[in-house]
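Read the structure below first, then the notes.
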Amino acid sequence: MKFKFLLFLFFLISLAWTQDDMDIIEEITVYASLDNSLSEDLISTTVLLRDQYEAFSVFSIQDISKFIPNLNWSGEGSRTRYFQIRGIGEREQYQGAPNASVGFIIDDIDLTGIAMASNLYGISQVEVLRGPQGTINGSNALAGLVYLKSEDPKDELSIDTNFQFGSDDLKAYGFNFSLPLSNTVSARYMVQKMGQNGFMENEFYKAYDTNHRNELIHRLNSRINLTSRSELNLNLLVADFNNGYDAWTNDNTRKTYSDYLGKDKQNLNAFSLNYHHQFDKLSSRLVMSQSNSNMFIAYDGDWGNNDYWGVLYDFTSETQRVRKQRTFDWSISTNSPEDNYSLIGGLYLKKVDEENMIDEIYNGFVYRDSDSVFNGSYLALYGDFKYFLSDQLTFNIGLRTEEHLFDYLDGDLDYSSPDYINQAFTLGGVYQLSDLTQIIFTASQGYKFGGINIGTVVPNEFRFYDSENLMSYELGVNSELLDGAVRLKSQIFFSSRNNQQISTSMQLDPQDPLSFIYLTKNFDAGENKGIEAEVGIFFSERLHARLSAGFLDAVFADTPEIPLNLRGREQAYAPSFQWSALLNYQLNANLQIQGSFFKQDGYFFDESHDQQATAYSLVDIAVVYSLERTQITFWTKNILNQDYPIRGFYFSNDPNDPLYLPNLFIRSGDPVQAGITLDYLFQ
């Protein structure tokens, strides 16, 4: 009933705002799409520009996810690597063998599943594409894609400096240089160093920084105009993250008792090349990238010490993960303005090599160790055809076929994959109802390859899982009214998941908390439907707002009864609603106030149990004082000091309990924090 009411409201608002006017809908470049156009794209896309969020002292993509409808994330690790779009996505990856549902790309560098270094300093815009992106991105974008675009180099010399200080011993320093090297070559170099304690107190060590963040990131973006028709863009990314990971407690507080200090580290070296050449009636685009990532994550598995437990009970886990990834994407497209069609065809190659070394120690003895090697290769052909039937109606069809092969070696276990071949397609169109209103309709199919659950203790019946297919239908409206004072972007969607992959966990022995394992299984079907809306309102020259909302109904349609009968139950990390508001009020020429409000419903933590996160609200406030080249910002995040969950587990972890009853363990997000940001521009 609730969904039917929202459906009626969606059409009522959309039809009410289909008036004609003199302006045209704003054009925004979307770098993650095939034709770089937002207003004529067939996908549900949110673009956040830097000036919309930078006042709130954001560092990572997790800090701004609340402004994007139906985007959620898992608080696993010191920085999130795992996202969910419309209820679909991973929550952790402890064992390796990457196979993500949500893609993550920075400046054409594919960092899906390892996007710890997603710092937003120097990022000009954040793009989130919701729904299957199979035509352009294949299996890693079953649910959607997150794309971060760095600032372009300027034609004149400029230096931006950024200093941030705040509670929790926050210190951050950033420098952003734009260097015009010649008439044809320009470059931008960005570096940021940040550190803070991490909001936890370790009682065993009497320390406040065992969950610290210590992050250093470099980005270099250059543009070379080789000829009047050729352009080359080179992007370099280097990151050194050396964070602590002491975030879990047995009583769900901010006081830990760990005697082994966890770590969450990543050393990343990556680059991408983007070459574009314009012919008379064709254009060619070649994108190549490579990333080398060395990651180490370790934690105290018992979350205590022997004095805390009163018995000998000590468990530690360490994982060293090394991933090398290379991509090659070459496409040719038509570009003749007099034609009533456009055509894009491309070839895509990807190679992933990953090694995982896992050591788990129990009471001084090796409980489990595993060295595994995963080698995966991907080959795809794709095409996109757009036909302009009239000035008002455009038709679009996209196709992709992709093959995936992998080899896996784990100790004495040696596996090769079956020959996975999957197809994706997109059918849709845009109808220009008026100068200010578009109606967008699309049907698309995406896929996610099957794979392997690694680890020597995984039961043989759960060793492999099959590919998943997702069929999605969307109807959207883009509109403006009141001379552009109000801008609306909304869509309704229905998705059907076939052979749905579920990332879950199992405790193989109810009497042994150390037998807790993670694996992926196939369920028969799932349904994900909902409504998304974004509204920009310019009340006056001084006051404007950005509102967003996502309503989601994501349920299991048909599942086995083990471990739970989930038929009709909501999927994990799929809150039924999220809404946010960004307000900006300009008091005078130098002073403005910004406010951020966010509300999210509760959700299930996992499919292996029925434990749920609670609903919560967040409020952020910032006061910005600006002069010619100087900006001073006073900010407060989570001003109400809400204790909100970002990850939860349910298992037994008390050696003194003879029944080994399970308990819910929750990790909370950051509490209230206040600080000051100083920006100065040299030009």
Quick one: does P98's side chain get under 4.5 Å of E354's, heavy atoms only? yes
Would you say the side chain of M190 lies within less than 4.5 Å of the side chain of Q192, judging by non-hydrogen atoms? yes
Would you name the heavy atoms of Q266 and A117 that are closest together and state the gap between them? OE1-N, 3.6 Å
Atom of E474, atom of G131 and distance for their closest heavy-atom approach: OE2-CA, 4.2 Å
Can you measure from CD1 (I109) to CG (L268) and round to the nearest 0.5 angstrom? 7.5 Å
Please examine the side chains of I106 and F104, heavy atoms only from C-beta on, and report whether any two atoms are closer than 4.5 Å. yes
Assign the ring pair F494 / Y473 to parallel, tilted or perpendicular, where the plane angle (0 to 90°) is split at 30° and 60°. parallel
L582 and Y53: CA distance, side-chain angles, deciding distance, side-chain contact (heavy atoms from CB on, under 4.5 Å) verdict: CA-CA 9 Å; L582 275 170; Y53 58 77; 5.6 Å; no
Tell me, do Y348 and T327 make a side-chain contact under 4.5 Å, heavy atoms counted? yes
D670 bridged to R213 by N-O distance under 4.0 Å: yes
H277 vs F279 aromatic rings, parallel, tilted or perpendicular, using cut-offs 30° and 60°? perpendicular
Strictly below 4.0 Å, N to O, side chains only: are R81 and E76 in salt-bridge contact? no
Is the shortest heavy-atom distance from the side chain of N221 to the side chain of N233 under 4.5 Å? no
Salt bridge check: are R188 and E151 linked by an N-O gap of less than 4.0 Å? yes
Take W579 and L547 through the side-chain contact (heavy atoms from CB on, under 4.5 Å) test and state the conclusion after the steps. CA-CA 8 Å; W579 70 266; L547 311 177; over 6 Å; no
Indicate yes or no: does K386 engage D384 in a salt bridge with an N to O separation below 4.0 Å. no
Can you find a pair of side-chain heavy atoms, one from E355 and one from R321, that are under 4.5 Å apart? no
Is the closest basic N to carboxylate O distance between K66 and D63 below 4.0 Å? no
Can you tell me which residue among Y82, Y603, F83 is in a ring-ring contact (aromatic ring centres under 6.0 Å, His included) with Y573? Y603
I'd like to know if the side chain of E127 pairs up with that of T46 as donor and acceptor (distance under 3.5 Å, no hydrogens or angles considered). no
Donor + acceptor pair across side chains of E215, N243 (<3.5 Å): yes
Just by distance, no angles: are the side chains of N70 and E532 close enough, under 3.5 Å, to form a donor-acceptor pair? yes
Does a side-chain N-to-carboxylate-O contact under 4.0 Å join D606 and R91? yes
Non-hydrogen atoms of I123 and S150 that approach each other most closely: CD1-OG, 3.8 Å
Residue pair S230 / Q278, side-chain donor-acceptor N/O under 3.5 Å: no
Looking only at the side chains, is there a donor atom on one of N242 and N214 sitting less than 3.5 Å from an acceptor on the other? no
In sequence, state the C-alpha distance, the side-chain angles, and the governing distance for F605 and R647, and then conclude on side-chain contact (heavy atoms from CB on, under 4.5 Å). CA-CA 7 Å; F605 282 119; R647 189 68 180 107; 4.1 Å; yes
Nearest heavy atoms of S222 and P153, plus distance in Å: CA-CG, 4.3 Å
If you round to the nearest 0.5 Å, how far is OG1 of T319 from CD1 of I358? 4.5 Å
What do the steps show when you test S78 against M116 for side-chain contact (heavy atoms from CB on, under 4.5 Å), and what is the final call? CA-CA 8 Å; S78 62; M116 183 178 178; 3.4 Å; yes
Exam field: side chain N274 to backbone V287, donor-acceptor pair closer than 3.5 Å: no
Does the structure place the NZ or CZ of K149 under 6.0 Å from the centre of the six-membered ring of Y31, at an angle of no more than 45° from the ring's axis? yes
Are any of the side-chain heavy atoms of L273 and L232 separated by less than 4.5 Å? yes
Any chance the side chains of S472 and S444 put a donor and an acceptor closer than 3.5 Å? no
Is there a donor-acceptor contact under 3.5 Å linking the side chains of Q500 and N498? no
Got a second to check how far D107's CG is from S272's OG, nearest 0.5 Å? 6.0 Å
Can a side-chain donor-acceptor contact be found between Y465 and N99 if the only test is distance below 3.5 angstrom? yes
Side-chain donor/acceptor of Q445 to backbone N/O of Q423, under 3.5 Å: yes
Sequence-distant partners of F385, ring-ring contact (aromatic ring centres under 6.0 Å, His included), two or more places apart: none
Q571 and N528 side chains, donor-acceptor separation under 3.5 Å: yes
Rounded to the nearest 0.5 Å, what's the gap from OG on S496 to CE on M471? Could you check? 9.0 Å
Quick check on the 6.0 Å ring-centre criterion: do F449 and Y447 meet it? yes
I88 pairs by side-chain contact (heavy atoms from CB on, under 4.5 Å) with which of Q501, R497, K448, R130? R497
What heavy-atom pair brings S596 and F56 nearest, and what distance separates the two atoms? CB-CZ, 3.7 Å
Take the angle between the ring planes of H404 and F374 and call it parallel below 30°, perpendicular above 60°, tilted in between. tilted
Interatomic distance, OG@S289 vs CZ@F328, rounded to 0.5 Å, equals 11.5 Å
For a salt bridge (Lys or Arg N to Asp or Glu O under 4.0 Å) with D110, tell me which candidate from K350, R326, R323 qualifies. K350
Set of ring-ring contact (aromatic ring centres under 6.0 Å, His included) partners for H276, sequence neighbours left out: none
About how many Å separate CG of N137 and OG1 of T112, when rounded to the nearest 0.5 Å? 8.0 Å
Residues P69 and S548: closest non-hydrogen pair is CG-CB, 4.0 Å
S57 and T677: side chain to side chain donor-acceptor pair (under 3.5 Å), yes or no, with the steps? CA-CA 7 Å; S57 182; T677 301; 4.7 Å; no
Please determine whether salt bridge (Lys or Arg N to Asp or Glu O under 4.0 Å) holds for the pair K154 and D152, giving the CA-CA distance in whole Å, both sets of side-chain angles, and the decisive distance to 0.1 Å. CA-CA 6 Å; K154 295 181 179 179; D152 289 324; over 6 Å; no
Under the side chain to side chain donor-acceptor pair (under 3.5 Å) criterion, do S342 and T334 qualify, and how do the steps go? CA-CA 6 Å; S342 65; T334 61; 5.1 Å; no
Does any donor atom in the side chain of D679 or N162 lie under 3.5 Å from an acceptor atom in the other side chain? yes
Could you tell me if the side chain of R86 sits less than 4.5 Å from the side chain of F493, heavy atoms only? yes
Around D155, counting heavy atoms of other residues, nucleotides and ligands shown, do more than 12 lie under 6.0 Å from its CG? no
